[in-house]
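Here the structure is laid out as structure tokens; the discussion comes afterwards.
This structure is a prediction, so every number in the text was calculated from the model and none was measured.
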Amino acid sequence: MRLVASALVILLAAPPFAPAEPQAPPVPPPPVPLAVALSPAVECMVAGTNPQIEAGISPDDQVQAGRVYFKSALGDAFFYVEMAPQAGRHVGVLPKPRPDAGPITYYVEGVGRDYAQSQTPEVRAVVVEKPEDCEGKLLAALGPAETRMVLETIKR
């Protein structure tokens with residue numbers, strides 16, 4: 001009986017047990033916003049060739065799509081071509097501009113896996129007859145002759 005009484009005194013003198021606080025599930029870090037940068041900005045395109053536009057879109061594991069939006073000076077509608085990942089960059093090949101289409105206004109847009117979008121500022125590139133007419137402007141690399149242009153226009 002003494003043993004039971006001693007145990008009862010110890011239990012009554014001990015502080016009450018606090019209920020365990022529920023553990024909140026771990027909060028994932030916020031997604032890193034996409035960064036889109038032209039690498040480098042093309043300022044000159046040769047008529048009758050397929051200009052190639054390159055951009056860095058990062059972080060790579062968050063990129064769902066890259067697109068080059070473009071329009072000629074002859075109209076207000078923007079069109080776009082899908083970009084393909086190549087060696088750590090995204091590359092889009094534009095249709096062949098006509099000599100009277102310049103300047104070509106373009107920008108690159110990245111779309112993340114979370115559907116967030118980021119884009120570069122608009123750039124204007126002159127259209128010339130031959131490469132030597134670029135006069136110090138950065139000439140577009142030539143892409144393959146086949147391009148797939150989305151038959152959709154974007155009105156601004």
- Walk me through it: do Glu109 and Ser118 pass the test side-chain contact (heavy atoms from CB on, under 4.5 Å)? CA-CA 6 Å; Glu109 178 183 79; Ser118 182; over 6 Å; no

Closest heavy-atom pair and its distance - [X], [Y]:
{"X": "Ala41", "Y": "Leu138", "value": "O-CD2, 3.3 Å"}
{"X": "Gly48", "Y": "Lys96", "value": "O-CD, 3.4 Å"}
{"X": "Glu82", "Y": "Ala65", "value": "OE1-CB, 4.3 Å"}

- Item | Sole residue of Phe70, Tyr80, Tyr69 in side-chain contact (heavy atoms from CB on, under 4.5 Å) with Tyr107 |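 Testing Tyr107 for a side-chain contact (heavy atoms from CB on, under 4.5 Å) against Phe70, Tyr80, Tyr69 leaves exactly one candidate, Tyr69.
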
Side-chain heavy atoms nearer than 4.5 Å, only ILVMFWY residues, links allowed to pass through others: does that put [X] and [Y] together?
{"X": "Val126", "Y": "Val42", "answer": "no"}
{"X": "Met83", "Y": "Val111", "answer": "no"}
{"X": "Leu139", "Y": "Val68", "answer": "no"}
{"X": "Val127", "Y": "Phe79", "answer": "yes"}

Examine distances only and state if a side-chain atom of [X] and a backbone atom of [Y] form a donor-acceptor pair shorter than 3.5 Å.
{"X": "Thr120", "Y": "Val108", "answer": "yes"}
{"X": "Arg124", "Y": "Ile104", "answer": "no"}
{"X": "Asn50", "Y": "Leu94", "answer": "yes"}
{"X": "Arg113", "Y": "Asp61", "answer": "yes"}
{"X": "Ser58", "Y": "Asp60", "answer": "no"}
{"X": "Gln86", "Y": "Val91", "answer": "no"}

- Task: For the pair Phe78 and Glu122, evaluate side-chain contact (heavy atoms from CB on, under 4.5 Å) and give the outcome as yes or no after the intermediate values.
- Result: CA-CA 12 Å; Phe78 274 84; Glu122 289 182 1; 3.7 Å; yes

- Message: Before you tell me yes or no, could you show the steps for Val81 and Tyr106 under side-chain contact (heavy atoms from CB on, under 4.5 Å), namely the whole-Å CA-CA distance, both residues' side-chain angles and the distance that decides it to 0.1 Å?
- Response: CA-CA 11 Å; Val81 292; Tyr106 73 93; over 6 Å; no

- Task: Please indicate whether Glu132 has more than 12 foreign heavy atoms, meaning atoms of other residues, nucleotides or ligands, lying under 6.0 Å from its CD.
- Result: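 Yes, because the 6.0 Å sphere around CD of Glu132 holds more than 12 heavy atoms from other groups.
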
Nearest 0.5 angstrom please: [X] [atom1] to [Y] [atom2], how far?
{"X": "Gln64", "Y": "Ile57", "atom1": "CD", "atom2": "CD1", "value": "11.5 Å"}
{"X": "Arg98", "Y": "Ser72", "atom1": "CZ", "atom2": "OG", "value": "7.5 Å"}
{"X": "Ile53", "Y": "Arg89", "atom1": "CD1", "atom2": "CZ", "value": "12.5 Å"}

- Can you list the steps and then say if Val123 with Thr105 is a side-chain contact (heavy atoms from CB on, under 4.5 Å)? CA-CA 6 Å; Val123 177; Thr105 302; over 6 Å; no

- Are a donor atom and an acceptor atom from the side chains of Glu54 and Gln52 found within less than 3.5 Å of each other?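 Indeed, the side chains of Glu54 and Gln52 share at least one donor-acceptor pair under 3.5 Å.
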
- Query: Is any side-chain heavy atom of Val93 closer than 4.5 Å to a side-chain heavy atom of Pro51?
  - Reply: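 Of all side-chain heavy-atom pairs linking Pro51 with Val93, none is under 4.5 Å.
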
